[in-house]
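Take a look at the structure set out below.
Computed over heavy atoms, backbone and side chain alike; hydrogens, waters and symmetry mates excluded. Just so you know, ligand 1 is whichever comes first in the structure, and atom 1 is the first atom listed for that ligand.
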Amino acid sequence: MKKYVVLNWKANPDTLVNASKLLGEYLKLDYKKVDLVVCSPTPFLFALKNKKIKLGAQDVSSFDGGAHTGEVTASALKSVGVKYCIVGHSERRRMGETTEEIVKKIKLLTKNNIIPILCIGERERGLNGEHFTEISDMLTESIKDLPKKSLTNIIVAYEPIWAISTENNGAITSEVLSETIIYIKKILSDIVGRKIASNIKIIYGGSVDEKIVKELSSTESLDGFLVGKAGLKSNSVKKIFENI
Ligand code: PGA
């Protein structure tokens, strides 16, 4: 089974020329074991289209069209070849994205055959396991009212906020990740039933680089990685591919 490597470029690189250069480096890699999703800034998406990679967006409008200046709709993304879209990233939630908007976004994405990559993850790990409730609430509130069938292709990105590289705490251990994946699977089963839950992919994000990939790659039921900072360095991406 191929593993996902989802690159979240965030607000980088600075120009289309540099984005194309970076992609050029990725295209030299061996794709036998990896499905590469490049989530680039919106203006570069169309120009980056390539058969070897899958195009991803970093966000989508919760509106289906109309008078909403500055919004980019799911159908517009679909029309330029976008196949995946990050939803509910902690950096967007921090800027005010609500659960209600996340639900609308997932609905519009699935309607347009774009696979939502739903980010969930606790702010910190407490000694009393409060983080489990936080994870469960985030996941449940985002998907409980959606038609079960539409959730078959969703990807859940477990990305604890404390582990994101800007927080400087380092990544999770394989043991803790394993335990959290089992927990996420259980919640998914409770909401959508075992069969659909077993199709839902779970990836990990938070300070992922080649070293972390080596440590976590064999974690049971882990379907891949969401990569921020290291995804802007072609050498790191090359080693991530090698370590999968
Ligand atoms: P990071 O970012 O890999 O730099 O920690 C991941 C993310 O924020 O999606």
Side-chain angles (χ1 to χ4, degrees), residues 3-14 18-19 22 25-26 34-42 44-45 53-60 82-97 102 105-106 109 115-125 131 134-135 138-139 142 154-174 176-177 180-181 184 201-217 219 222-244:
K3 294 250 193 243
Y4 274 110
V5 172
V6 179
L7 305 184
N8 177 11
W9 276 357
K10 308 191 179 184
N12 307 290
D14 54 348
N18 287 336
L22 201 52
E25 292 298 317
Y26 300 161
V34 176
D35 269 329
L36 182 67
V37 181
V38 178
C39 299
S40 104
T42 313
F44 307 153
L45 284 168
I53 63 142
K54 274 128 186 143
L55 274 189
Q58 297 174 16
D59 190 24
V60 65
V82 168
K83 302 277 188 245
Y84 294 80
C85 182
I86 295 172
V87 188
H89 191 280
S90 58
E91 287 158 12
R92 295 223 62 86
R93 291 184 198 250
R94 208 181 294 145
M95 288 164 76
E97 184 183 45
I102 291 171
K105 288 177 184 188
I106 297 176
L109 288 170
I115 298 178
I117 302 171
L118 170 64
C119 297
I120 55 160
E122 75 278 6
R123 267 177 296 268
E124 51 188 28
R125 286 232 153 202
H131 50 275
E134 201 178 340
I135 293 169
M138 272 176 131
L139 187 53
S142 309
I154 195 173
I155 296 176
V156 174
Y158 170 58
E159 183 164 80
I161 299 170
W162 55 266
I164 295 178
S165 63
T166 44
E167 302 285 321
N168 283 324
N169 292 315
I172 206 163
T173 61
S174 178
V176 178
L177 179 58
T180 315
I181 291 176
I184 291 173
K201 304 266 184 278
I202 300 178
I203 62 174
Y204 166 76
S207 295
V208 173
D209 59 10
E210 57 271 29
K211 199 173 134 257
I212 299 301
V213 166
K214 202 170 197 171
E215 278 170 34
L216 301 182
S217 236
T219 308
L222 180 68
D223 298 298
F225 298 92
L226 176 59
V227 189
K229 205 170 172 187
L232 293 160
K233 294 179 232 149
S234 58
N235 209 27
S236 287
V237 175
K238 180 170 178 266
K239 288 187 188 138
I240 288 174
F241 269 59
E242 287 164 6
N243 289 348
I244 278 186

So, using side chain to side chain donor-acceptor pair (under 3.5 Å) as the criterion, who are the partners of Lys10 when residues are at least two apart?
Glu91
Show me the short polar-atom pairs for ligand 1: any N or O of it lying under 3.5 Å from a protein N or O, with distances only.
| unit_1 | atom_1 | unit_2 | atom_2 | d |
| --- | --- | --- | --- | --- |
| ligand 1 | 2 (O) | Lys10 | NZ | 3.4 |
| ligand 1 | 3 (O) | Gly228 | N | 2.8 |
| ligand 1 | 4 (O) | Ser165 | OG | 2.6 |
| ligand 1 | 4 (O) | Lys229 | N | 2.9 |
| ligand 1 | 5 (O) | Ser165 | N | 2.7 |
| ligand 1 | 5 (O) | Ser165 | OG | 3.4 |
| ligand 1 | 5 (O) | Ser207 | N | 2.8 |
| ligand 1 | 8 (O) | Lys10 | NZ | 2.6 |
| ligand 1 | 8 (O) | His89 | NE2 | 2.8 |
| ligand 1 | 9 (O) | Asn8 | ND2 | 3.3 |
| ligand 1 | 9 (O) | His89 | NE2 | 3.0 |
| ligand 1 | 9 (O) | Glu159 | OE1 | 3.2 |
| ligand 1 | 9 (O) | Glu159 | OE2 | 2.9 |

side-chain contact (heavy atoms from CB on, under 4.5 Å) with Asn168: which residues, sequence neighbours excluded?
none
side-chain contact (heavy atoms from CB on, under 4.5 Å) partners for Lys214, two or more places apart:
Asn243
Are there over 12 heavy-atom neighbours, none belonging to Lys3, within less than 6.0 Å of that residue's NZ?
yes
Gap separating the OH atom of Tyr84 from the CG atom of Leu55, nearest 0.5 angstrom
11.0 Å
Any side-chain heavy atom of Glu97 sitting closer than 4.5 Å to one from Asp59?
yes
